[in-house]
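Here the structure is laid out as structure tokens; the discussion comes afterwards.
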Amino acid sequence: MTMLEVRCCFPLFLFSSLISVMSVRVRIAPSPTGNLHIGTARTAVFNWLFARHHGGQFILRIEDTDLERSRPEFTQNILDGLTWLGLNWDEGPFFQTKRMDLYQQAIRTLLDNGLAYRCYTSEAELDEMRAAQEARGQAPRYDNRHRHLTPDQEAAFQAEGRLPVIRFKIEDGREIAWKDMVRGTVSWRGSDLGGDMVIARRAPADEIGQPLYNFVVVVDDVDMNITHVIRGEDHVANTAKQILLYEALGAAVPEFAHTPLILSPAGKKLSKRDGVTSISDFRKMGYVADALGNYMTLLGWSPPDSTQERFTLAEAAEQFSFDRVTKAGAKFDWDKLNWLNSQYLHDIPADRLTDLLIPYWQNAGYEFDPGDRPWLEQLAALIGASLVRLEDAVEMSRYLFIVDVGFSDTATAQLQQDGTAAALQSILDSLASTQTLTADEAQTMIKTAVSTASVKKGLVMRSLRAALTGDMQGPDLIQSWLLLNQHQIDQRRLQQALAIAK
RNA sequence: GGUGCCGUAGGCAAAUUGGUAAAGCCACAGGUCUUUCAAUCCUGCGCUUGCGGGUUCAACUCCCGUCGGCACUGCCA
């Protein structure tokens, strides 16, 4: 539309230069009826990538026209989530509830032009109508029964005390088609759109009721000069109706891109009932923003070099195009997300990792001095390579924070092996004359224990692990020992273990 | 029920756009390293593109049919 108009008004040579100057404007329009959902976030990612690729504007609009369910804390959650993911917006947030005048004005225009009308059909009548249609094996749809009410008929309904909704006329004979950036040409018949659509809720006949989503979206997108509407595939069916609205409003129709949905393992649209789906939950669990953004991008898009699995959003933006967006929905794969997250975690330097880990250790109730950086950073370095999520650090480092961890069954069994007592006693003896343990000293002590107790090294190592950590598996033993030694709990553990061994 | 969209190995996917298919990643299995688990590294594993026709010298790519999945079908967004 825009292009056609431009083409008509300007010489052709100007056209090509205009299009490069014409800025891309996209938006993410979440509804604050819940926390930022992974699906919404992924849509935001695609919008952001497209905007950044074209040097355009990424706009945030809060769709809070559902007064019943919208809540300010959800708005905050959405803002926080987008910020955390690094999806910075250029304009907004705009709130639809603050733009009511605009919508009402647009509705008045449609009413005045005869493109919309008041419908007095009651909900009970609507139910009855749909039931009858269903009984006849027909698709449920509004039968446009009040499209041509006379003033007398309207007055009569009003006298009955009926409150009207406002409906927008949809001609059955219309053919609506658009060229979707993901799906190619998509077309719809007006007759399959369910009859004249409600654009404003029930209200007294001399007023204009609460405007509805499908209408408000169009008014806003027109008002905000949105050039490309990028949203989930679940909105395809709305698009035909909205195109009709653009026309009625005399506005240029934007480009559309309907992205594939994120599916649950069962293959259904991912919903809150599928467990963890909100960005804030992923964050709490210890997924890092870069990994999550990377993964969301990979769900439906692949870089030109498709062997590349890891990239930042900025890198993706350079190469992003809808040509490489798949049409089919993608199942959410925890395994792959976990793998990606672990890759990012492995690359984080110990000092930064420590910063990230401290809140988790604190939340776990561990008592420690956050200022004890050398010890904490050694710990971070110790477990870093084994982390899948930051949250894993809680269990993984428990034995280093809790003074008395207790011994697992397998550890107890190990401690009761022949030779264990003698070996541990040897270690304890060596330790008595040592200040701060070094790795070399630890190795020497182990050798001494091997010869003193006349046992194999493996037994000493396993027994030492059992005694020091209370378990038979965990992070590197020597490093763990050094950390315990620095907090003076190694000898205490060895003594407790000895009590069991004897 | 109707309309629309989609369909490549268990999952995500690639295939210079009609020109040798299953590249790469996850998962899985085995091995390596190590005192253990994990990580790392190595190796292996999956096969003719849902199915059936058609067009063509040639089809994952185009056409028809069929099956299946999903989305929508609100005075929610």
Side-chain angles (χ1 to χ4, degrees), chain A residues 29-34 40 63-66 68-70 119 121 123 126 130 133-134 136-142 163-167 180 182-184 186-189 191-194 197-203 209-210 212-214 216-217 232-240 258 260-261 263 265 267-269 295 298-302 304-310 323-324 326-340 342-343 345-346 383-388 392 396 410 446 456-466 469 471-478:
Chain A
S31 177
T33 54
T40 309
E63 310 228 312
D64 54 353
T65 53
D66 185 340
E68 305 269 306
R69 296 189 299 151
S70 293
C119 164
T121 314
E123 306 213 28
L126 248 21
R130 291 192 187 111
Q133 288 165 337
E134 208 161 322
R136 269 175 274 140
Q138 296 174 333
R141 53 166 287 156
Y142 176 61
L163 297 178
V165 298
I166 298 173
R167 286 185 185 268
D180 199 280
V182 174
R183 279 147 221 291
V186 180
S187 60
W188 231 279
R189 274 179 297 281
S191 54
D192 291 326
L193 260 23
M197 66 186 278
V198 179
I199 56 175
R201 282 197 167 103
R202 206 170 286 284
Q210 173 84 32
L212 262 17
Y213 170 77
N214 262 319
V216 167
V217 165
E233 192 197 342
D234 48 345
H235 285 283
V236 209
N238 291 327
T239 304
H258 288 94
L261 263 23
L263 274 20
K268 311 270 187 195
K269 179 165 88 170
Y295 182 65
L298 237 23
L299 238 34
W301 180 77
S302 57
D305 169 11
S306 63
T307 63
Q308 190 184 5
E309 301 285 333
R310 274 186 64 181
D323 297 347
R324 298 190 66 85
T326 337
K327 295 187 181 81
K331 288 182 184 170
F332 189 87
D333 184 358
W334 283 97
D335 283 331
K336 186 144 183 183
L337 202 218
N338 284 338
W339 170 77
L340 249 189
S342 68
Q343 296 302 304
L345 251 25
H346 297 349
I383 63 176
S386 301
L387 290 177
V388 171
D392 298 338
M396 211 175 274
T410 48
I446 288 165
K456 295 196 168 184
K457 189 183 177 189
L459 181 124
V460 176
M461 296 303 280
R462 286 193 295 277
S463 300
L464 197 51
R465 175 177 290 284
T469 74
D471 211 339
M472 292 310 292
Q473 57 191 49
D476 183 86
L477 181 55
I478 302 296

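Proteins come first, then strands; the chains are lettered A, B, ... in the order of their sequence lines, and each starts at number 1.
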Name the nucleic acid region contacted by [X], choosing base, sugar-phosphate or nothing; use a 4.0 angstrom heavy-atom cut-off, strictly under.
X: A:Thr121; result: base
X: A:Ile446; result: nothing
X: A:Gly137; result: sugar-phosphate
X: A:Arg189; result: sugar-phosphate
X: A:Gly232; result: nothing
X: A:Arg136; result: nothing
X: A:Glu63; result: sugar-phosphate
X: A:Gly267; result: sugar-phosphate
X: A:Ala139; result: base
X: A:Glu123; result: base
X: A:Arg310; result: nothing
X: A:Thr326; result: sugar-phosphate
X: A:Ser302; result: sugar-phosphate
X: A:Val198; result: sugar-phosphate

Provide, to the nearest angstrom, the distance between the [atom1] atom belonging to [X] and the [atom2] atom belonging to [N].
X: A:Leu263; N: B:G7; atom1: CG; atom2: P; answer: 13 Å
X: A:Met197; N: B:U73; atom1: CE; atom2: P; answer: 11 Å
X: A:Asp234; N: B:U73; atom1: CG; atom2: P; answer: 9 Å
X: A:Ile478; N: B:U34; atom1: CD1; atom2: C1'; answer: 12 Å
X: A:Gln138; N: B:G2; atom1: CD; atom2: P; answer: 12 Å
X: A:Leu337; N: B:A27; atom1: CG; atom2: P; answer: 12 Å
X: A:Asp333; N: B:G10; atom1: CG; atom2: C1'; answer: 10 Å
X: A:Lys327; N: B:C60; atom1: NZ; atom2: P; answer: 17 Å

Nearest listed nucleotide, side chain of [X], among [options]:
X: A:Leu477; options: B:U40, B:U35, B:C25; value: B:U35
X: A:Arg183; options: B:A77, B:A39, B:C5; value: B:C5
X: A:Asp476; options: B:U36, B:U35, B:C12; value: B:U35
X: A:Ala330; options: B:G1, B:C76, B:A13; value: B:A13
X: A:Arg324; options: B:A14, B:G24, B:A39; value: B:A14
X: A:Arg69; options: B:C76, B:G2, B:U35; value: B:C76
X: A:Lys331; options: B:U3, B:G11, B:G7; value: B:G11
X: A:Thr65; options: B:A39, B:A77, B:U35; value: B:A77
X: A:Leu299; options: B:G2, B:C26, B:C12; value: B:C12
X: A:Val186; options: B:A77, B:C70, B:C5; value: B:C5

Starting at [atom1] of [X], measure out to [atom2] of [Y] and round the result to the nearest 0.5 Å.
X: A:Asn214; Y: A:His235; atom1: CG; atom2: NE2; result: 9.0 Å
X: A:Arg183; Y: A:His258; atom1: CZ; atom2: NE2; result: 8.0 Å
X: A:Ile478; Y: A:Leu464; atom1: CD1; atom2: CG; result: 7.0 Å

Write down the distance separating the [atom1] atoms in [N] and [M], rounded off to the nearest Å.
N: B:U43; M: B:U32; atom1: P; answer: 15 Å
N: B:C28; M: B:C67; atom1: P; answer: 38 Å
N: B:G50; M: B:A21; atom1: P; answer: 15 Å
N: B:A15; M: B:U20; atom1: C1'; answer: 11 Å
N: B:A71; M: B:G65; atom1: C1'; answer: 23 Å
N: B:A9; M: B:C5; atom1: P; answer: 22 Å
N: B:C63; M: B:U56; atom1: C1'; answer: 12 Å
N: B:U49; M: B:U8; atom1: C1'; answer: 4 Å

query = With nearest nucleotides of RNA chain B determined for A:Gly458 and A:Gly194 from heavy-atom distances, which residue corresponds to the more 5′ nucleotide?
reply = A:Gly458
request  = Please figure out whether A:Trp301 or A:Leu126 has its closest RNA chain B nucleotide nearer the 5' end.
outcome  = A:Trp301
Would you kindly check whether a donor in the side chain of [X] faces an acceptor in the base of [N], or vice versa, at under 3.5 angstrom?
X: A:Ser306; N: B:A23; result: yes
X: A:Ser31; N: B:A77; result: no
X: A:Arg462; N: B:U35; result: no
X: A:Lys269; N: B:C70; result: no

ask   = Does A:Arg141 have a side-chain nitrogen or oxygen under 4.0 Å from the phosphate oxygens OP1 or OP2 of B:G74?
value = no
query = Looking only at side-chain N and O atoms, does A:Gln473 come under 4.0 Å of OP1 or OP2 in B:U34?
reply = no
I'd like to check [X] versus [Y] (side-chain heavy atoms, cut-off strictly below 4.5 Å). Are they in contact?
X: A:Leu212; Y: A:Val165; result: no
X: A:Tyr142; Y: A:Cys119; result: yes
X: A:Phe332; Y: A:Leu337; result: yes

message = Can you give me the dot-bracket string for RNA chain B, 5' to 3', counting Watson-Crick and G-U wobble pairs with both distances under 3.5 Å, using [ ] for crossing pairs and | for partners on another strand?
response = (((((((..(((......[....))).((((.........)))).....(((((..]....))))))))))))....
inquiry  = When you compare the ring of A:His235 with the six-membered ring of B:A77's base, are the centres less than 5.5 Å apart and the planes under 30° from each other?
reply    = yes
